[in-house]
Protein chains: 2
Amino acid sequence: MEHRLDRIKKQLHAQSYKLTPQREAIVRVLLEREEDHLSAEEVYLLVKEIAPEIGLATVYRTLDLLSELKIVDKINFGDGVSSYDLRKEGAKHFHHHLVCTECGSVEEIVDDLLEDVEKIVQNDWGFQVKDHRLTFHGVCRVCQEITVKAT
Amino acid sequence: MEHRLDRIKKQLHAQSYKLTPQREAIVRVLLEREEDHLSAEEVYLLVKEIAPEIGLATVYRTLDLLSELKIVDKINFGDGVSSYDLRKEGAKHFHHHLVCTECGSVEEIVDDLLEDVEKIVQNDWGFQVKDHRLTFHGVCRVCQEITVKAT
DNA sequence: TATTAGTTTATAATTATTATAAATACAAAC
DNA sequence: GTTTGTATTTATAATAATTATAAACTAATA
Ligand SMILES: [Zn+2]
Ligand SMILES: [Zn+2]
Ligand SMILES: [Zn+2]
Ligand SMILES: [Zn+2]
């Protein structure tokens, strides 16, 4: 964890931003809960446990800054709340998501499944791809089994 | 246009919803502006021109209903506002988008580029795909040319 | 006609997010 | 070590999008 924190610190410094105590606290929360998809409010509540004096606006500001630097990705699963998701170490593109419409769970796919598709988009549409958002909606493994049992 | 309106009317009736005058007005606006990606507020303003007595809440309710029936798709391009997008005639899946980070334009890709990827998700992750959202962020053809000229 | 269920309107309320101004922290210059 | 300037944070207010509520309306039904 300290390793990744260090890298992020360097990324901030590279753009002449500082890793203030508040920013560090926020990044620590994001690292600890990497598998989750936290909203700004959730980050705020978790950060308050280790840095109680922090303000919600600071959380929004910091998450915004981290988004700009491509350290986190902001994503909206359609419920009106933005989630903030740490980029995987060294990842060029945002990872993909599987959202279960039954139980609401969110799985992650780290492999880049879009390389071929991006080539097509580049060649056939002349669009220079910089990043992507791919989310599948459907039924997760667990919920499929439940459905089978129920019948 | 009347043809598609008729189909939508049938889809509503099939779930025992009525095509009220307000709903019809909203659908007409969506059909007329099919190439656009309108927000609820924009739909509201356009509908007011042909049905001035309509209320904003009715627009939200109707767009919600049309989303449920998969007649429109609700999508968020990351600016905090939901856009509503008519499904193409007979399309099983939501179409894809190319969002230009330079000029903000939104292009559509109607071809389903994800068939292979969905097979992988299905087989390797055991996830039963029902629908998807795919958006590419990058530089559109026009902005690429501008950049070339500028250098 | 009276009743009922579904729908819409107008308005208020809620929620997420952003803007503002004053306070604070901190590094560089003196 | 103090001063000065800039970046950052806090607390609060404001904004914008969306949803909830209650009263009114519509159209079908008994
Ligand atoms: Zn599930
Ligand atoms: Zn994720
Ligand atoms: Zn462009
Ligand atoms: Zn579209």
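Just so you know, these numbers use all the heavy atoms, side chains as well, and skip hydrogens, waters and symmetry mates. For clarity, every value in this text was computed on a predicted model and none was experimentally measured. We name chains A, B, ... by the order of the sequence lines, and we start the count at 1 in each one.
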Show me, pair by pair, the donor-acceptor contacts under 3.5 angstrom made by side chains of residues 105-113 of chain B, not counting sequence neighbours?
| residue | atom | partner | partner atom | Å |
| --- | --- | --- | --- | --- |
| B:Glu108 | OE1 | B:Lys88 | NZ | 2.9 |
| B:Glu108 | OE2 | B:His37 | NE2 | 2.7 |
| B:Glu108 | OE2 | B:His95 | NE2 | 3.2 |
| B:Asp112 | OD1 | B:Leu114 | N | 2.9 |
| B:Asp112 | OD2 | B:His93 | ND1 | 3.2 |

Please list residues of residues 29-55 of chain B whose heavy atoms come under 4.0 Å from any atom in DNA chain C, ordered by number; otherwise none.
B:Glu53, B:Ile54, B:Gly55

Please work out which of the three classes, parallel, tilted or perpendicular, describes the rings of A:Phe136 and B:His132, given edges at 30° and 60°.
perpendicular

Identify which nucleotide among D:dT18, C:dT17, D:dA7 has an atom closest to any side-chain atom of A:Lys18, counting heavy atoms from C-beta outward.
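For A:Lys18, the side-chain atoms sit closest to D:dA7.
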
Which one, D:dT18, C:dT7, C:dA10, comes nearest to the side chain of B:Ala57?
C:dA10

Please output the side-chain donor-acceptor pairs of residues 65-75 of chain A that fall under 3.5 Å, not counting sequence neighbours, one pair per line with the distance.
| residue | atom | partner | partner atom | Å |
| --- | --- | --- | --- | --- |
| A:Ser67 | OG | A:Leu63 | O | 2.9 |
| A:Asp73 | OD1 | A:Arg87 | NE | 3.4 |
| A:Asp73 | OD1 | A:Arg87 | NH2 | 3.0 |
| A:Asp73 | OD1 | A:Arg133 | NH2 | 3.3 |
| A:Asp73 | OD2 | A:Arg87 | NE | 2.7 |

Would you indicate, yes or no, if [N] has its OP1 or OP2 atom less than 4.0 angstrom from a side-chain nitrogen or oxygen of [X]?
X	N	answer
A:Thr20	D:dT8	no
A:Gln22	D:dT10	yes
B:Tyr60	D:dT18	yes

Inspect the contact between A:Arg28 and A:Glu24 and indicate whether a charged nitrogen and a carboxylate oxygen are less than 4.0 angstrom apart.
yes

Mapping B:Val81 and B:Arg61 to their closest nucleotides on DNA chain D, which lands nearer the 5' end?
B:Val81

A:Ser82 vs A:Pro21, nearer the 5' end of DNA chain C by closest nucleotide:
A:Ser82

Determine whether B:Val81 and B:Val43 fall in the same hydrophobic cluster, where Ile, Leu, Val, Met, Phe, Trp and Tyr are linked whenever their side-chain heavy atoms lie under 4.5 Å apart.
no

